[in-house]
Asker: 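Here's a structure for you.
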Amino acid sequence: VLYTAPFLFQCEPTFQASTPSDADAAHAQPIIIKRRFPRAYRHRTLDKKLTRGRLASEARNLLKARKLGVKVPAVLRVDVDALCIYLE
């Protein structure tokens, strides 16, 4: 069951594979992109700082939970400029 929310998108990976086996593995599994949207009610500078900090914190917490054995999605990539976390 895939739960949808305004900030979750399912798509195919867009990165380039270095070997044919990497290419097969990359296309075999879809990824989820969690995107944080800007808040219009905040000042732009404050919003950017808060959102980047929360994005990094969320990725760090997911990695820590995974190391401790909690079943959470693997973090594949964090794009701070686009405010996205790419999850397995």
Asker: Using distance only, find each side-chain donor-acceptor pair of residues 64-73 under 3.5 Å and give its atom names and separation, not counting sequence neighbours.
Answerer:
residue: Arg66; atom: NH1; partner: Val72; partner atom: O; Å: 2.7

Asker: Report the C-alpha separation of Val75 and Leu87 in whole Å, then their side-chain angles, then the decisive distance to 0.1 Å, and conclude whether the side-chain contact (heavy atoms from CB on, under 4.5 Å) test is met.
Answerer: CA-CA 5 Å; Val75 177; Leu87 303 168; 3.9 Å; yes
Asker: Would you tabulate the side-chain donor-acceptor contacts of residues 47-58 under 3.5 Å, counting partners in other chains and residues two or more places apart, or write 'none'?
Answerer:
residue: Asp47; atom: OD1; partner: Arg42; partner atom: NH1; Å: 2.7
residue: Asp47; atom: OD1; partner: Thr51; partner atom: OG1; Å: 3.4
residue: Asp47; atom: OD2; partner: Arg39; partner atom: N; Å: 3.3
residue: Thr51; atom: OG1; partner: Asp47; partner atom: O; Å: 2.7
residue: Arg52; atom: NH2; partner: Asp81; partner atom: OD1; Å: 3.3
residue: Glu58; atom: OE1; partner: Lys34; partner atom: NZ; Å: 3.4
residue: Glu58; atom: OE1; partner: Arg36; partner atom: NH2; Å: 2.9
residue: Glu58; atom: OE2; partner: Lys34; partner atom: NZ; Å: 2.6

Asker: Using 0.5 Å steps for rounding, measure from the CD1 atom of Ile33 to the CD1 atom of Ile85.
Answerer: 11.5 Å
Asker: Please go through Tyr41's hydrophobic cluster and name the other residues, only I, L, V, M, F, W, Y counting, with side-chain heavy atoms under 4.5 Å joining them.
Answerer: none
